[in-house]
Amino acid sequence: MSFVVTGATGALGRLVIEELLRRTTPGEIVALARDRAKAAGLAARVEIKTADYSRPETLQGAFAAGDRVLFISGNEAGQRLTQHRTVIDAAREAGVGLLAYTSVLGGPTATFSIAEEHLATEQALLASGVPYCLLRNGWYHENYTGALAGTLRTGAVVGSADGGRVATAARRDYAEAAAVVLTGSGHENTVYELSGDTAWTMAEYAAEVSRQTGRRIAYRDLPPEQYVALLVEAGVPALGAQLIADADTGIARGELSATPGELSRLIGRPTTPVAEAITEALKGLEGPHGLPT
């Protein structure tokens, strides 16, 4: 039996591997990667297997009976359900002991477009008979702090979330929860609604960036179609821009604001505050002459 992480070279996957290394031995960990070259940094620490969600033949032999698998959702919108069914089929054929899937906060109650393929995947997983755990992750702090350079340059946080609240947590918080589920017991056939302990508005986020930087940062709320156009102008592919703006309308409706506390209970500590994530992100932007202008 091994602890297997799919999509292991992505930002979440790498953090899960680090958390697993704290809880078990390297010989028990298998990292699945589409591009073996990108897994070079992991190869000295854990076993690497090549596996591509779009190539079913690469998933044959990726899993073994009894394996406990973290199934990180794919990132190709419109292709994910077909890809995810391939992973589920391979896991069923291998007889894995647990397949933990990274879904979306709210599950069936989420009406924004990004949720659709997640919900269909949940249904396929439940129908498969494979022991499952649904990790319904909320949004990451990094969804916002990753754009801080642009925020500082323009003096604005931009979106279509209106006054809606979003209960974010750090990507590392979600990674720790996944590792707890993989290495723990009693998580079979369960659902966890995972989110930060505190929900905030975009205006509050902008105010915190202002407080920490001493700059005037405002929240600029746009109609979804204008936000899509702005994202496309900034280089985001059209489909991705539409999904981002649509998710913001979900935030405006309160669909990512739930704070049930299940993430903090799983990891045994409070989730990382967004203010702390902003501080860390700003440190990463600092050059010899301070923050960028």
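Both backbone and side-chain heavy atoms feed into the values below; hydrogens, waters and symmetry mates do not.
Summarising the geometry of E117 relative to L81, their closest heavy-atom pair is OE2-N, 3.7 Å, with the distance given to 0.1 Å. In plain terms, the two heavy atoms of S54 and E76 that are nearest each other are OG-OE2, 4.1 Å. Nearest heavy atoms, D221 versus A161: OD1-N, 3.3 Å. The shortest non-hydrogen separation linking T145 to E142 is OG1-CA, 3.3 Å. F63 approaches L32 most closely through the heavy-atom pair CE2-CD1, 3.6 Å. Closest heavy-atom contact between A167 and S257: CB-O, 3.9 Å.
Within the 4.5 Å cutoff, side-chain heavy atoms of Y144 are placed close to those of M202. Side-chain atoms of I88 and Y101, non-hydrogen and from C-beta on, never get closer than 4.5 Å to each other. Between F71 and Y132, the closest side-chain pair of non-hydrogen atoms is not below 4.5 Å. Proximity of L42 to R14: side-chain heavy atoms (C-beta onward) are separated by under 4.5 Å at one or more points. With a 4.5 Å cut-off on side-chain heavy atoms, L98 and F3 do not count as touching. You'll find the side chain of Y174 stays beyond 4.5 Å of the side chain of L135, heavy atoms only. Considering only heavy atoms from C-beta on, L119 stays 4.5 Å or farther from T121 through its side chain. Residues E176 and R23 form a side-chain contact, since some pair of their non-hydrogen atoms from C-beta on lies under 4.5 Å apart.
Residue L230 is found in a hydrophobic cluster whose other members, listed by chain and number, are V158, L222, Y227, L231, V236, I244; membership requires side-chain heavy atoms under 4.5 Å apart, directly or through intermediates.
The pair R80-E116 fails the salt-bridge criterion, with no side-chain N (NZ, NE, NH1 or NH2) lying under 4.0 Å from an Asp/Glu carboxylate O. A salt bridge links R165 to E204: at least one charged side-chain nitrogen sits closer than 4.0 Å to a carboxylate oxygen. Electrostatic pairing of R172 and E18 does not count as a salt bridge here, judged by no charged N lying under 4.0 Å from a carboxylate O. The residues K283 and E286 are annotated as not salt-bridged, no charged nitrogen and carboxylate oxygen being separated by less than 4.0 angstrom.
Residue E233 places its CD atom among 12 or fewer non-hydrogen atoms of other residues, nucleotides or ligands, all under 6.0 Å distant.
Side-chain atoms of R253 and T111 include a donor-acceptor pair closer than 3.5 Å.
With sequence neighbours excluded, no residue satisfies side-chain hydrogen bond (donor to acceptor under 3.5 Å, both in side chains) with S185.
Considering D197, N137, L105, T271 as possible partners of L263, the one that fulfils the side-chain contact (heavy atoms from CB on, under 4.5 Å) test is T271.
In this structure, W139 has its ring center no closer than 6.0 Å to that of Y205.
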